[in-house]
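Please read these numbers as outputs of a predicted model, since none were measured by experiment. All values below come from the heavy atoms of this structure, side chains included, with hydrogens, waters and symmetry mates left out.
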Number of protein chains: 2
Amino acid sequence: MIELNFAKSADGLLPAIAQDYKTGEVLMLAYVNQQAWTETLKTGRAHYWSRSRSSLWCKGESSGHVQIIQEIWVDCDSDTLVFKVEQKGGAACHTGHRSCFYRKVDSDSLQVVGEKIFDPQEVYGK
Amino acid sequence: MIELNFAKSADGLLPAIAQDYKTGEVLMLAYVNQQAWTETLKTGRAHYWSRSRSSLWCKGESSGHVQIIQEIWVDCDSDTLVFKVEQKGGAACHTGHRSCFYRKVDSDSLQVVGEKIFDPQEVYGK
């Protein structure tokens, strides 16, 4: 098991950046604790720790839009990760956009630029 | 001023991902507070809050390897940023590697893959 520096953060959570393994687009950022890290390595699917629900979160468990791990990169301090993933369903964001980073700073406002892939009402609103 | 959700984290710090604006390579992750965010917008150079030094940090202030902001993207929850930057000096990591993410998970170990651009002793060891 590759050791990460979970002690670096007060809450034992480290940021993990999910990046499209083909295009390099940054899709989202979420957090891992030891359990999420272990599950990610074991299953080859991105697992995070949901801060809002305080529970282990297999990304895509509700939507089916799982993230298949292609590569994992660890930073110089072993306290941040990059998951290079294949994003099933083509979208990582709960709003239906391909990336959570779909808004760009334009002077003093945010411009919506990112592509919307699905209607969240259809995917989550059952 | 574009408002971010600093209240989302207990310490008022939000993660900012620095990404090479041409290649899409993720270079590093650091944290911003309100002051670092304001300075970044004002100066067009990436500013972070150093957790280890508890002070505002203009990236590259010692090494000259500043990050010129090309684009800023804000996520769906306004609690994470992507800085698309031109990395002066060609390297973001204090170890001299182009990216802080220069180690890749390979089975049960980390393999050093990323390119080393400078000798930290020469840049910082004056």
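Residues B:I69 and B:L4 are members of one and the same hydrophobic cluster, defined by side-chain heavy-atom contacts under 4.5 angstrom among Ile, Leu, Val, Met, Phe, Trp and Tyr. In the hydrophobic clustering of ILVMFWY residues, with side-chain heavy atoms under 4.5 Å counting as a link, B:F6 and B:I17 come out apart. By the rule that hydrophobic residues join a cluster once side-chain heavy atoms approach within less than 4.5 Å of another member, A:F118 and A:V66 end up as members of separate clusters. Note on A:W57 and A:W49: separate hydrophobic clusters, where clusters join Ile, Leu, Val, Met, Phe, Trp and Tyr whose side-chain heavy atoms are under 4.5 Å apart, directly or indirectly. Under the 4.5 Å side-chain contact rule for hydrophobic residues, B:V85 and B:L41 share a cluster.
Of all the listed residues (A:G114, A:S99, A:S109, A:S107), the one sharing the greatest number of non-hydrogen pairs under 4.5 Å with chain B is A:S109. The most heavy-atom pairs under 4.5 Å with chain A, out of B:R51, B:E25, B:K84, B:Q111, come from B:R51.
Contact annotation: the side chain of A:V26 approaches that of B:Q19 to within less than 4.5 Å [non-hydrogen atoms, C-beta and beyond].
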Please tabulate, one pair per line, all N/O donor-acceptor pairs under 3.5 Å involving side-chain atoms of residues 28-36 of chain B, not counting sequence neighbours.
{"residue": "B:N33", "atom": "OD1", "partner": "B:Q35", "partner atom": "N", "Å": "3.3"}
{"residue": "B:N33", "atom": "OD1", "partner": "B:A36", "partner atom": "N", "Å": "2.9"}
{"residue": "B:Q34", "atom": "NE2", "partner": "B:T38", "partner atom": "OG1", "Å": "3.2"}

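For residues 106-120 of chain B, the salt bridge (charged side-chain N to carboxylate O under 4.0 Å, His left out) pairs, not counting sequence neighbours, are B:R98-B:E115. Among residue pairs with one or both ends in residues 77-117 of chain B, those qualifying as ring pair (Phe, Tyr, Trp, His ring centres under 6.0 Å) are B:Y48-B:F83, B:H97-B:Y102; sequence neighbours excluded.
Contacts between residues 74-82 of chain A and chain B, counted as heavy-atom pairs separated by less than 4.5 Å, involve A:V74, A:D75, A:C76, A:D77, A:S78, A:D79, A:T80, A:L81, A:V82.
For B:I2, the parts lying near chain A are the backbone and the side chain together; criterion is any non-hydrogen pair under 4.5 Å.
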